[in-house]
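What follows is a single structure, written as structure tokens, with notes after it.
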Amino acid sequence: MTTDACRTCPLDTDKIRADFPILAKTLHDGVPLTYLDNAATTQRPRQVIQAMVETYEHHYANVHRGIHWLSDQSTDLYEDAREKVRTFINASAREEVIFTTGTTGAINLVARSWGDANLGPGDEILLTEMEHHSNLVPWHQLAERTGAKVVAVPVTDDGKLDLESFDRLLTERTRMVAVTAVSNVLGTINPIEQIVAKAHVAGALVLIDGAQSVPHRAIDVEALGADFLAFSGHKMMGPSGVGVLWGKRELLEAMPPFLGGGSMIRRVRLDGFEPADLPAKFEAGTPPIVPAIGLGAAIDYLGAIGLGAVAQHEHDLTVYAHRVLGELGTLRFFGPPPEEKSGIVSFVFENNRPHAHDIAQLLDRHGVAVRAGHHCAMPLHKRFNVNATARASFYLYNTREEVDRLAEALTQVQQVFRRRR
Ligand code: PLP
């Protein structure tokens with residue numbers, strides 16, 4: 001197969017790939033690694049790895065506490081990283097940026113802190129059928145604790161939110177709308193501006209799960225007007241173990257602390273405590289110091305390339321992937337048309353043979369890394385009457401040649417299974 005060159009692609013992928021040591025790896029028999037599992041986690045460039053090594057080798061101490069030179073350096077780097085996040089999402093104040101363990105940690109923080117303080121029987125949390133379990137289970141747990149109810153907006157056959165149902169289900173009982181900006185299975189890009197505007201008219205708050213959108217397309221929280229945004233460092237070339245909760249200052253200020261411990265207090269007595277100001281109030285214990293600094297370096301890297309170019313590059317790969325994979329003639333794709341979605345391509349073979357898990361295992365023999373399973377979205381898979389899909393997902397370092405490798409490997413998978421039957 002000869003690769004159809006992309007004439008309008010904005011990125012120099014050869015140059016970019018040279019920054020990622022892991023992408024040069026070969027597997028068994030010299031087979032090159034084709035890493036197409038970016039929705040699960042991305043790889044990191046040397047610049048991010050180096051920023052972390054540099055911190056450990058030269059600037060590492062605990063933050064905020066020590067009155068010594070090294071602690072000051074570490075604190076400055078950690079707070080610089082917060083400032084980089086603030087600029088990246090255009091938040092109005094650094095106090096609105098809370099470092100968490102990831103998207104999951106951020107959503108749990110809101111469900112526990114805001115949810116426990118504000119919800120009770122008769123209240124509703126409106127989410128969608130396409131949510132990741134991270135944006136479902138914390139709300140179920142909240143409902144169990146408070147007597148509030150979880151309501152879900154259905155997904156249409158072409159993988160979009162059913163907006164008529166959204167309008168119907170959004171009522172005066174809705175207190176929180178929790179929705180993903182981009183589906184991690186379908187690649188659907190949800191109309192979050194419209195959702196925020198309608199939710200606010202109804203008097204509800206909005207939490208945006210940005211795990212699959214913040215790494216790939218620019219977001220401006222000020223312009224969007226949402227109330228909370230959650231995302232993860234490891235999905236945007238940063239390290240694992242760090243993520244972000246952004247929230248509107250007045251909401252965060254009114255919320256009680258979630259975790260208790262060191263750093264999050266102003267004063268502690270034997271009979272009680274006073275919480276610290278933002279952002280420390282929500283950062284109990286020693287925070288993910290070096291991971292946050294790594295995330296700051298990843299933001300620098302993304303900023304130098306530009307999210308507009310990243311989104312355009314991924315769009316090209318997605319449209320190309322649908323074209324070449326569609327030529328196999330035996331795949332069922334999930335989600336909206338490729339022109340309308342993010343860089344995520346989920347599929348099964350018709351009649352589900354071979355099964356998604358077998359697809360992923362056989363692709364692995366060709367060095368192609370994709371994910372198979374329910375991708376932490378069981379209700380969505382049930383909606384489409386499958387228990388697993390195979391998912392290829394792209395990032396700025398992927399190429400059309402890699403998509404061709406996926407297509408060639410899938411052709412061979414198909415042949416192996418035809419012979420077996
Ligand atoms: N939300 C979405 C849409 C995701 O895709 C993921 C991870 O795959 C998460 C939330 C959870 O992210 P993390 O595991 O980094 O907390």
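Just so you know, ligand 1 is whichever comes first in the structure, and atom 1 is the first atom listed for that ligand.
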Would you say H234 contacts ligand 1, with heavy atoms under 4.0 Å as the rule? yes
Any non-hydrogen side-chain atom of D404 less than 4.5 Å from a side-chain atom of V324? yes
Do me a favour and list the nearest non-hydrogen protein atom to atom 5 (O) of ligand 1 with residue, atom name and distance? Q212 NE2, 2.7 Å
One residue to check: K235. Relative to ligand 1, which of side chain, backbone, both or neither has a non-hydrogen atom less than 4.0 Å away? side chain
Tell me yes or no: between the side chains of Q414 and T330, is some donor less than 3.5 Å from an acceptor? yes
Can you tell me which residue and heavy atom of the protein come closest to atom 14 (O) of ligand 1, and the distance to 0.1 Å? T104 OG1, 3.7 Å
If you have a sec, work out which protein heavy atom is nearest atom 4 (C) of ligand 1 and how many Å separate them, to one decimal? H132 CD2, 3.2 Å
To the nearest 0.5 Å, how far apart are CG in L70 and NE2 in H59? 9.0 Å
Could you check whether any heavy atom of D209 sits closer than 4.0 Å to an atom of ligand 1, since that is the contact criterion I want to use? yes
Quick one: does D364's side chain have a donor or acceptor within less than 3.5 Å of a partner on A360's backbone? no
S232 to ligand 1: N or O pair under 3.5 Å? yes
Check against salt bridge (charged side-chain N to carboxylate O under 4.0 Å, His left out), R405 and E408: CA-CA 5 Å; R405 264 184 241 149; E408 274 162 19; over 6 Å; no
With heavy-atom distances below 4.0 Å as the criterion, list the atoms of ligand 1 near S134. 9 (C), 10 (C), 11 (C)
Quick check on contacts: which atoms of ligand 1 are under 4.0 angstrom from a heavy atom of T180? 3 (C)
N-O pairing of D116 and R145 below 4.0 Å: yes
So if I count the atoms of ligand 1 from 1 in the order they appear, which ones are less than 4.0 Å from some heavy atom of N184? 5 (O)
Within 45 degrees of the axis of the six-membered ring of Y397 and under 6.0 Å from its centre: does R17 put its NZ or CZ there? no
